[in-house]
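The next block holds one structure in the form of structure tokens; read it before the comments.
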Amino acid sequence: ACGMKCFLGAGSMSAFHASTSGWNCNARCRKPRPRFVLTGACAAEFAEKREEVTLQMETIEFAEHKNGVKWAYFPAFEQLGLRHGISTRFGGVSCDGLASLNLGVKVGDAPENIATNRRCFAEALGVADERIVASGQVHETTVAIVNDEHAGQRIAATDALVTNTPNLPLLLFFADCVPLLIYDPVRKVIGLSHAGWKGTLHSIGPKTIATMQQTFDTDPADCIVGIAPSIGPDDYEVDLPVLAEISKLWQRPEQFCRPA
């Protein structure tokens with residue numbers, strides 16, 4: 001079963017966490033119907049919609065804090081002084097199917113467990129957990145610009161967060177969807193995007209960069225994009241209704257899908 005991930009960021013720092021919702025990615029595809037595998041839509045989105053964006057794909061490395069939290073990170077971002085992390089399931093206090101570093105509030109975990117896990121994860125990354133700005137994601141393409149006034153809040157109905165405020169952690173949540181971390185090292189702006197198939201189809205990545213550009217004068221050519229772990233093309237099965245939505249925007253869905 002897939003875990004649920006979340007992305008945390010704060011001006012000069014960001015982080016990504018894989019919490020443990022434990023639901024089956026293919027549960028909606030069990031009826032006997034034609035099925036397809038979605039392939040490469042996220043990268044294709046940037047190539048087709050935002051050619052000037054620079055994608056730097058690197059392997060990730062792993063680290064462990066003395067409190068037991070284990071996470072991964074992009075070396076390229078570390079070299080630029082961007083603190084960030086891709087969490088694992090290690091180092092928290094949640095039990096059973098949520099063991100152990102669950103940060104999500106929608107999976108039936110005890111609030112005290114979630115609070116403890118967030119404190120531990122924030123401690124590992126060196127950010128202030130009481131200042132975390134979280135998103136309330138709805139699989140749309142709304143991008144919210146946040147600052148110190150939003151510290152400690154949850155921003156409803158948004159799937160991307162952008163800030164240039166130092167030490168303001170941003171938190172996004174994912175299951176099999178694609179987490180995007182976008183960093184402008186010139187203007188010191190970060191954007192975090194929740195790119196599920198709907199968000200990808202409707203260009204949430206480019207829209208996040210456009211928000212950075214319009215609000216903070218980001219030059220897309222300066223951006224570095226990290227694509228964090230997500231479900232792979234061999235496992236991401238979709239059905240005909242999804243394929244129909246893709247076909248509305250792309251006349252050749254075979255560029256993104258193949259029969260399962």
- Pair Leu180-Ile227, side-chain contact (heavy atoms from CB on, under 4.5 Å): steps then yes or no: CA-CA 5 Å; Leu180 302 178; Ile227 302 178; 3.8 Å; yes
Report the distance from atom [atom1] of [X] to atom [atom2] of [Y], rounding to the nearest 0.5 Å.
| X | Y | atom1 | atom2 | result |
| --- | --- | --- | --- | --- |
| Thr163 | Ile145 | OG1 | CD1 | 9.5 Å |
| Leu125 | Tyr73 | CG | OH | 12.0 Å |
| Tyr183 | Ile224 | OH | CD1 | 8.0 Å |
| Ile132 | Phe121 | CD1 | CZ | 8.5 Å |
| Thr165 | Glu149 | OG1 | CD | 9.5 Å |
| Arg118 | Asn113 | CZ | CG | 12.5 Å |

- Decide yes or no on side-chain contact (heavy atoms from CB on, under 4.5 Å) for Val133 and Ile155, but give the supporting numbers first. CA-CA 7 Å; Val133 181; Ile155 311 300; 3.7 Å; yes
Is the shortest side-chain heavy-atom distance between [X] and [Y] below 4.5 Å?
| X | Y | answer |
| --- | --- | --- |
| Thr215 | Val162 | no |
| Leu82 | Phe74 | no |
| Ile60 | Pro229 | yes |
| Leu172 | Gln137 | yes |
| Leu168 | Val146 | yes |
| Ser94 | Asn117 | yes |

- Query: What do the steps show when you test Trp71 against His65 for side-chain contact (heavy atoms from CB on, under 4.5 Å), and what is the final call?
  - Reply: CA-CA 9 Å; Trp71 75 97; His65 191 268; 3.7 Å; yes
Is there a donor-acceptor pair under 3.5 Å between the side chain of [X] and the backbone N or O of [Y]?
| X | Y | answer |
| --- | --- | --- |
| Ser100 | Phe90 | no |
| Asp222 | Pro185 | no |
| Ser193 | Ala195 | no |

Whether the [X] and [Y] side chains hold a donor-acceptor pair (N or O, under 3.5 Å, no angle test) is what I'd like checked.
| X | Y | answer |
| --- | --- | --- |
| Ser230 | Asp176 | no |
| Asn102 | Asp109 | yes |
| Thr142 | Glu140 | no |

Looking at every non-hydrogen atom in both residues, tell me the closest pair between [X] and [Y] and how far apart they are.
| X | Y | answer |
| --- | --- | --- |
| Asn67 | Ala124 | ND2-N, 4.1 Å |
| Gly97 | Arg89 | O-NH2, 3.1 Å |
| Cys177 | Gly196 | SG-CA, 3.4 Å |

- Task: Can you tell me which residue pairs pass the salt bridge (charged side-chain N to carboxylate O under 4.0 Å, His left out) test with a partner in residues 124-135, sequence neighbours excluded?
- Result: Arg131-Asp148
- Of all pairs that satisfy salt bridge (charged side-chain N to carboxylate O under 4.0 Å, His left out), the ones with a partner from residues 68-79, not counting sequence neighbours: none
- Message: Applying the side chain to side chain contact (heavy atoms under 4.5 Å, CB included) criterion to Met212, which one of Val143, Ile182, Asn164 satisfies it?
- Response: Ile182
- Task: Under the side chain to side chain donor-acceptor pair (under 3.5 Å) rule, collect the residues that match up with Thr211, sequence neighbours excluded.
- Result: none
- Who are the side chain to side chain donor-acceptor pair (under 3.5 Å) partners of Thr116, not counting sequence neighbours? Arg119
- Item | Inter- and intrachain pairs under side chain to side chain donor-acceptor pair (under 3.5 Å), touching residues 150-162, at least two apart | Asn147-His150, Asp159-His194
Is there a chain of hydrophobic side chains (I, L, V, M, F, W, Y, each step under 4.5 Å between heavy atoms) that links [X] to [Y]?
| X | Y | value |
| --- | --- | --- |
| Ile246 | Leu249 | yes |
| Val186 | Leu80 | no |
| Val138 | Leu171 | no |
| Ile86 | Phe62 | yes |

- Query: Taking only residues two or more places apart in sequence or in another chain, which ones pass salt bridge (Lys or Arg N to Asp or Glu O under 4.0 Å) with Lys248?
  - Reply: Glu245
- What's the verdict on side-chain contact (heavy atoms from CB on, under 4.5 Å) for Glu64 and Val69, showing C-alpha distance, side-chain angles and the deciding distance? CA-CA 6 Å; Glu64 181 176 0; Val69 169; over 6 Å; no
- Only residue of Lys198, Lys207, His202 satisfying side chain to side chain donor-acceptor pair (under 3.5 Å) with Thr141 is Lys207
